[in-house]
Structures are given as C-alpha cells and as structure tokens.
2 protein chains.
Amino acid sequence: MAERAQYEELVRQLSAFGAVKREMARIMPADCHSGSAAVLTVLGRHGDMRMSRLAELLSVDLSVTSRHVAHVAERGWIERSPDPADKRSRILHLTPAGQEQLDELVRRTTHLLADRLGDWSDEEVGRLTQLMARLRDSFGDCRAAPRPAPPPAPPALERTTRTPAST
Amino acid sequence: MAERAQYEELVRQLSAFGAVKREMARIMPADCHSGSAAVLTVLGRHGDMRMSRLAELLSVDLSVTSRHVAHVAERGWIERSPDPADKRSRILHLTPAGQEQLDELVRRTTHLLADRLGDWSDEEVGRLTQLMARLRDSFGDCRAAPRPAPPPAPPALERTTRTPAST
DNA sequence: TATTGTTATACTCTATAACTATA
DNA sequence: TATAGTTATAGAGTATAACAATA
C-alpha cells in the first residue's frame with residue numbers, strides 16, 4: 001500500500017498525460033483518428049469478435065463502438081458479417097486493407113516513439129509498459145455506471161473483482 | 001534503444017489508457033471537470049503564474065487555458081490580478097476556496113487510487129509515477145506545431161502540418 | 001510588428017436515451 | 001422480458017483563426 005503523497009504525484013502524472021496522447025493523435029492519418037485506430041488495433045491483436053466484445057476491450061460504451069466501427073467499415077478496413085449463432089450480432093474482422101492501415105499506424109507510432117524515447121533503455125520501456133498494463137488491469141472494466149450506488153444495495157463494490165478485501 | 005515490438009506494446013497501453021482517465025473524471029465534482037482540476041492542480045503546485053505559463057504547464061493551447069481559467073474564476077476558485085509589469089498579462093492565484101476545492105479533488109482521487117491500487121507496493125507506484133514523468137519529459141512541450149517540420153527536415157511523416165503552404 | 005489573452009467556430013470522443021430486431 | 005446493436009442528442013476537451021490591448 002502506497003502513501004497519500006505518492007498517489008497525489010501519480011494523479012498529477014496521469015492528468016498531464018493527455019499531452020502525450022494528443023501528440024500521438026497528431027501523427028495519425030487524416031481519416032483514421034484515435035477511435036478508428038483503437039478498433040483496428042484491437043481487431044489486429046485479438047482477432048474477429050462481436051461489437052459488445054470490442055466495446056469491452058476498448059472500455060467504451062457500445063454506442064461509441066458502433067460509431068467507430070461504422071467509420072472504419074465505410075473505409076473498407078473491416079467487414080461486419082452476420083453471426084449465424086445470434087442474428088442480433090455482427091462479427092467484425094479486419095480486411096487486407098485494414099491490415100495495411102494498421103501496419104501504417106504501427107509504422108507511424110513506433111517511429112514517433114523511436115524518435116522520442118531513443119535514449120530509453122529496453123528495460124525502462126518494458127517496465128513502463130508492464131506497469132501501465134497493470135494499472136489498467138487494476139482499474140478493471142471501467143466503463144460508465146461503475147458506481148450505480150442504489151440506495152438499497154450495499155454500496156460495497158461488487159463489480160470490483162479487484163481484491164477489495166484489503167481491510 | 002528499445003525494440004519495435006516493445007514500442008507497439010507501449011502504444012497499445014497508451015491507447016487503452018483513456019479508460020483510466022475517464023474513470024478519474026467520473027469521480028470529479030459536477031462543476032469541476034478535468035480542465036478545471038488541472039488548472040487548480042498546477043496552480044497549487046507551482047504557485048501564481050501567468051496564463052501563458054499555465055498553458056505551457058498544461059500542454060494545451062492558450063485559448064483552451066483561457067476557457068478553463070474563466071470557468072474556475074467564475075466559481076471563485078482563482079483570482080486574476082493585473083500584472084503591474086505587463087498590462088497584457090494576468091497573474092493567476094488560488095483563492096482559499098480554490099484551495100479547498102483542490103483539497104477535495106486530492107481527497108477523491110487518492111481515495112480512488114487507494115481503492116484500486118490497494119495491492120500495489122510503494123515501490124511500484126513510485127516507479128510508475130517516475131516513468132510516466134520521464135515519458136512526459138521525453139515528449140517535451142508537445143502542444144500543437146511541435147514539429148514545424150521545415151522542408152529540410154526528414155520527409156518521413158510530418159503529419160501534414162495543415163499544409164500551411166497555401167499562403 | 002510582436003506578444004498576451006479572449007472569443008467564435010469546428011471537430012473528436014464519450015455517454016445517455018430511445019428504438020429496432022432478435023433471443 | 002432481456003440483450004445486441006444503431007442512431008440522435010448533448011456535453012467536455014482541444015485547436016485554429018480572428019480580434020483587442022499592450023509591448
């Protein structure tokens with residue numbers, strides 16, 4: 001368990017972090033902004049999936065996912081096939097053009113990082129990546145309605161699969 | 001110098017990071033969103049300063065800063081005094097009410113982190129904070145037009161600097 | 001003429017709610 | 001009735017450009 005002051009400092013870094021993300025956004029292709037990039041990245045990494053699964057991995061609402069998916073589908077980067085097992089669902093998968101676009105994104109972002117983090121050691125980059133992954137994991141599925149806090153139910157934190165029993 | 005694959009993985013973590021920030025945003029007071037919180041935090045940490053300096057520390061455009069500052073000023077959390085040395089400038093400083101608000105923000109965010117990172121060691125929190133600070137530092141002042149990318153520069157991907165060449 | 005701020009406008013991302021189709 | 005997905009609407013953050021006041 002860390003101390004108060006440490007949390008404060010971490011929060012400060014988290015806030016200031018938007019700048020780095022915006023810098024990333026600036027090098028994106030004109031019609032492939034961060035929302036589209038996120039869709040392509042997740043599909044490239046995890047393979048075909050349904051909308052709801054994608055929304056979960058992106059940690060955004062299904063409605064948001066729907067918009068981003070529509071955007072990339074319009075450009076031919078993904079295809080939405082009907083799910084034979086559930087006619088309400090659609091299976092998303094990357095097209096060759098989508099893979100090319102994804103490659104381009106990787107090219108640009110790695111180029112930017114190589115430029116900026118040229119003096120970082122292999123170990124440092126790895127450690128940061130690892131800690132960020134863990135942070136994200138510690139926050140779990142943090143999409144909206146994490147605290148419905150209804151008067152009747154015990155406000156504990158039942159959805160937090162996060163070892164809350166630290167008391 | 002790290003490897004390609006590592007950069008890709010880091011990018012992935014950076015993208016997925018929005019979720020954590022949104023979770024933070026959800027616990028903010030209704031009239032003190034992330035923009036306001038950032039203003040208060042920076043003023044609390046660095047003391048009185050001018051708009052331009054604040055914009056620099058926030059890594060956002062001056063126009064954005066102006067809006068956020070107006071918001072917090074309307075609520076009495078900061079005061080804008082004229083700068084005797086330069087009548088164009090305004091010196092910003094936290095009011096007691098602003099300090100209280102800031103304390104409240106710290107209370108909420110540290111509480112959230114304590115809940116989520118309860119099983120993190122002191123060392124891990126410190127290391128993550130340190131690495132994030134360094135990352136931010138490596139990106140420098142990454143506000144718009146950080147790469148004026150004059151013609152002589154590497155033609156790689158100057159991200160289509162708005163094609164200003166249309167004099 | 002250059003700089004400090006402010007304001008108007010536009011764009012992206014996200015969430016909530018209403019709605020359709022299917023389970 | 002509940003779930004998967006779409007669409008409309010609204011709110012927040014940011015950038016660009018035009019403008020005012022001062023250096």
Side-chain angles (χ1 to χ4, degrees), chain A residues 15-26 28-39 49-56 58-71 73-74 80-92 142-148, chain B residues 15-26 28-39 49-56 58-71 73-74 80-92 142-146 159 161-164 166:
Chain A
S15 304
F17 221 57
V20 172
K21 291 203 70 178
R22 288 196 291 281
E23 180 81 341
M24 285 288 190
R26 285 193 196 96
M28 293 299 200
D31 59 346
C32 187
H33 295 146
S34 69
S36 302
V39 169
M49 65 183 72
R50 313 194 311 176
M51 293 288 305
S52 50
R53 168 70 174 149
L54 178 58
E56 187 186 321
L58 293 175
S59 293
V60 295
D61 191 84
L62 188 54
S63 66
V64 176
T65 306
S66 183
R67 282 179 52 109
H68 290 162
V69 162
H71 183 88
E74 282 166 15
R80 292 181 278 192
S81 344
D83 180 350
D86 185 340
K87 289 176 185 170
R88 295 172 302 179
S89 284
R90 303 230 246 173
I91 303 298
L92 313 172
C142 42
R143 286 182 291 177
R147 263 156 195 56
Chain B
S15 303
F17 221 58
V20 172
K21 291 203 70 177
R22 287 196 291 282
E23 180 81 342
M24 285 287 189
R26 285 196 195 93
M28 293 299 197
D31 60 346
C32 186
H33 296 148
S34 68
S36 302
V39 169
M49 66 183 73
R50 314 194 308 175
M51 293 288 303
S52 51
R53 169 69 175 149
L54 178 59
E56 188 186 319
L58 292 175
S59 293
V60 295
D61 191 83
L62 188 55
S63 66
V64 175
T65 307
S66 183
R67 282 179 52 111
H68 290 162
V69 162
H71 182 88
E74 281 166 16
R80 291 180 280 193
S81 342
D83 181 349
D86 184 340
K87 290 177 184 168
R88 294 171 304 179
S89 284
R90 302 229 244 174
I91 303 297
L92 313 172
C142 42
R143 285 180 293 176
R159 71 105 178 142
T161 323
R162 214 51 53 201
T163 40
S166 57

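Chain naming here is simple, since letters A, B, ... match the order of the sequence lines and numbering starts at 1 in each.
- Here A/S36 pairs with A/C32, A/H71, A/V72 under the side-chain contact (heavy atoms from CB on, under 4.5 Å) rule; sequence neighbours left out.
- Atom CG of B/L58 and atom P of C/dG5 are 13 Å apart (whole Å).
- Note: CZ (A/R90) to C1' (D/dT3) measures 16 Å, nearest angstrom.
- Nucleic acid contact for B/R80: sugar-phosphate only, since backbone atoms but no base atoms lie under 4.0 Å from a heavy atom of the residue.
- Remark: P of C/dG5 and CD of B/E56 are 12 Å apart, rounded to the nearest angstrom.
- Using a distance-only test at 3.5 Å, with no hydrogens or angles considered, no donor-acceptor pair links the side chain of B/R50 to the main chain of B/D83.
- B/S66 comes within 4.0 angstrom of a base, heavy atoms only.
- Atom NE2 in A/H68 sits about 6 Å away from atom C1' in C/dC13, given to the nearest Å.
- Under the salt bridge (charged side-chain N to carboxylate O under 4.0 Å, His left out) criterion, B/R67 pairs with no residue at all, not counting sequence neighbours.
- In terms of the salt bridge (charged side-chain N to carboxylate O under 4.0 Å, His left out) criterion, residue partners of A/D31 (sequence neighbours excluded) are, by chain and number, A/R75.
- Every residue two or more places apart in sequence or in another chain that forms a side-chain contact (heavy atoms from CB on, under 4.5 Å) with B/A16 is listed here: A/R136.
- Spacing between atom CZ of A/R50 and atom P of D/dT6 amounts to 12 Å, rounded to whole angstrom units.
- Considering only residues two or more places apart in sequence or on other chains, B/R90 meets the salt bridge (charged side-chain N to carboxylate O under 4.0 Å, His left out) condition with none of them.
- A/K21 places none of its side-chain heavy atoms less than 4.5 Å from the side chain of A/S34.
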Show each protein N/O and nucleotides 21-23 of chain C N/O combination with a separation under 3.5 Å, one pair to a line.
residue: C/dA23; atom: OP1; partner: A/K87; partner atom: N; Å: 3.1

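- When the side-chain contact (heavy atoms from CB on, under 4.5 Å) test is applied to A/S66, the partners found at least two apart in sequence or on another chain are A/M51.
- A/R53 is linked by a salt bridge (charged side-chain N to carboxylate O under 4.0 Å, His left out) to A/E56, counting only residues two or more places apart in sequence or in another chain.
- In this entry the distance linking CG of A/L62 with C1' of D/dG5 reads 6 Å, nearest Å.
- Of the listed nucleotides (D/dT16, C/dT6, D/dG5), D/dG5 has the atom at the smallest distance from the side chain of A/S52.
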Polar-atom pairs under 3.5 Å, protein N or O versus N or O of nucleotides 8-12 of chain C: list them with distances, or write none.
none

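- One finds no side-chain N or O of B/R22 lying less than 4.0 angstrom from the OP1 or OP2 phosphate oxygen of D/dA12.
- Between the CG atom of B/L92 and the C1' atom of C/dG5 there is a distance of 11 Å, rounded to whole Å.
- Separating the CE atom of A/M24 from the P atom of C/dC13 is a distance of 16 Å, rounded to the nearest angstrom.
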